[in-house]
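Report on the structure given below.
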Amino acid sequence: MPELPEVETVRFGLQEFMPTQKVISATCDWPKSLAISEALMASKLIGATVQSVQRRGKLIIMPLSSGYSILIHLKMTGQLVYRPKSGRGFGGGHPNASLVDKLPDKSTRVIMELTRGTLFFNDQRKFGWVKLEPSDGLYQNNAFLKKLGPEPLEDSYTFEQFGSALKKRSKTSIKAALLDQTVLAGVGNIYADESLFMARIHPLTKVGDVSAVKLKRLFNAVREVMSLSISLGGSSDRNYVDAKGNKGSYLKFAQVFRKEGSACPNCGHKIIKIRAAGRGTHICPHCQKVPKLAG
DNA sequence: CACTTGACCTGTCCGC
DNA sequence: TGCGGACAGGTCAAGT
């Protein structure tokens, strides 16, 4: 579930704590979660200082003084939670003191000791990972970053970029195209469903059959939905929390996601759940209709 | 090449 | 109450 708004919320939280801290040690309970060789860890991670916390799509990037960058993908159930050493940072009164104090727990995969605190990478389903790659040329050399589409919330992102990326995917469903990280970066299942509802487009509509008016609506909807979610701290279903262990509140405002059986806020018809692009998909069958095929 | 499906995992929920 | 199976969803590999 961590999609762009959740990852951005995590990044924002970590940015407060991580820069200028030195990595003292890194240990893991599941080798795939910390995919860094012993030699690289010893020479480029331990003793290096974190310079900043960045995000590209759903990926967290932390450049180090060693010339390497820590890359972290949360995939579905990943959490990055920071705990300061006692007497600093959050203070005794912060609302998730109990959650943070319980770490590590059985889903903790990586523990990174820092100068002034500890970073926990928790990941119930073990799909996420922490890697280390050279900062120089990272965006050209990393296979994932190299083909990642534009950042939808950048001011420089245009409808023309959105439209031309979609032209190459005209035979696939609009939902599959939105989830394709090479079309645009950061949209996952929640925001795909929410923005398709906002734009009144059925998720199984072929990209080539979506009218120009609706495509423009969708372009705006993606940005609106994700901006709103960032302002609400993201979406917390089961697992997601931010760097301080706080949940996000966006799902309270969701119109269709996980709302099957309840009334559509636009027309009152019942929201239903279908399958599209291999994923559970939530629509209002009255507001979102597949266009009738000609002939 | 365009596109879809299965694998990677664990925890939860549902039906019997 | 226990057990099997479906499901959750980001990305890559493998398949059509």
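Basis for what follows: all heavy atoms, side chains included, without hydrogens, waters or symmetry-related copies. Chain letters run A, B, ... following the sequence lines, proteins first and then strands; every chain starts at 1.
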Compare side-chain N and O positions of A:Lys75 against OP1 and OP2 of C:dT11 and report whether any pair is under 4.0 Å apart.
-> no
Would you say A:Phe127 stacks on B:dC8, if stacking means ring centres under 5.5 Å apart and planes within less than 30 degrees?
-> yes
Please, which pairs that meet side-chain hydrogen bond (donor to acceptor under 3.5 Å, both in side chains) have at least one residue in residues 32-53 of chain A, sequence neighbours excluded?
-> A:Ser52-A:Gln54
Check every strand shown and say whether A:Trp129 touches a base, only sugar-phosphate, or nothing at a heavy-atom separation below 4.0 Å.
-> nothing
Which is it for A:Asn122 and A:Thr108 under the side-chain hydrogen bond (donor to acceptor under 3.5 Å, both in side chains) test, yes or no, and what are the steps along the way?
-> CA-CA 4 Å; A:Asn122 305 323; A:Thr108 298; 2.7 Å; yes
Would you tabulate the pairs of protein nitrogen or oxygen atoms and nucleotide nitrogen or oxygen atoms of nucleotides 11-13 of chain B closer than 3.5 angstrom?
| residue | atom | partner | partner atom | Å |
| --- | --- | --- | --- | --- |
| B:dG11 | O4' | A:Gln124 | OE1 | 3.3 |

With A:Val183, which residues qualify under side-chain contact (heavy atoms from CB on, under 4.5 Å), at least two apart?
-> A:Ala165, A:Leu166, A:Arg169, A:Asp180
Relative to each other, are the rings of A:Phe144 and A:His73 parallel, tilted or perpendicular (30° and 60° limits)?
-> perpendicular
Minimum-distance nucleotide to A:Lys147 side chain [options: C:dT11, C:dC12, B:dC9] = C:dC12
Please list all pairs passing the side-chain hydrogen bond (donor to acceptor under 3.5 Å, both in side chains) test where one or both residues lie in residues 128-141 of chain A, with sequence neighbours left out.
-> A:Ser69-A:Ser135, A:Glu133-A:Asn142
N/O (side chain, A:His73) to phosphate O (OP1/OP2, C:dT11) under 4.0 Å | yes
Look at the side-chain N and O atoms of A:Lys58 and state whether any lies under 4.0 Å from the OP1 or OP2 oxygen of C:dT11.
-> yes
Please step through salt bridge (charged side-chain N to carboxylate O under 4.0 Å, His left out) for the pair A:Arg279 and A:Asp193, ending with a clear verdict.
-> CA-CA 10 Å; A:Arg279 310 239 170 72; A:Asp193 282 8; over 6 Å; no
Pairing string of DNA chain C (Watson-Crick or G-U wobble, both atom distances under 3.5 Å; | = paired to other strand) is .|||||||.|||||||
For A:Phe12, does the CZ atom have more than 12 heavy-atom neighbours from other residues, nucleotides or ligands under 6.0 Å away?
-> no
Strictly under 3.5 Å: I want the nitrogen or oxygen pairs between protein and nucleotides 2-6 of chain B, one per line.
| residue | atom | partner | partner atom | Å |
| --- | --- | --- | --- | --- |
| B:dC3 | OP1 | A:Lys171 | N | 3.2 |
| B:dC3 | OP2 | A:Lys168 | O | 3.4 |
| B:dC3 | OP2 | A:Arg169 | NE | 3.1 |
| B:dT4 | OP2 | A:Thr172 | OG1 | 2.9 |

Applying side chain to side chain contact (heavy atoms under 4.5 Å, CB included), run through A:Ile61 and A:Leu138 and close with a yes or a no.
-> CA-CA 10 Å; A:Ile61 303 171; A:Leu138 178 64; 4.0 Å; yes
Between C:dG9, C:dT11, B:dC9, which one does the side chain of A:Lys32 approach most closely?
-> B:dC9
Would you call the rings of A:Phe219 and A:Phe162 parallel, tilted or perpendicular, where under 30° means parallel and over 60° means perpendicular?
-> tilted
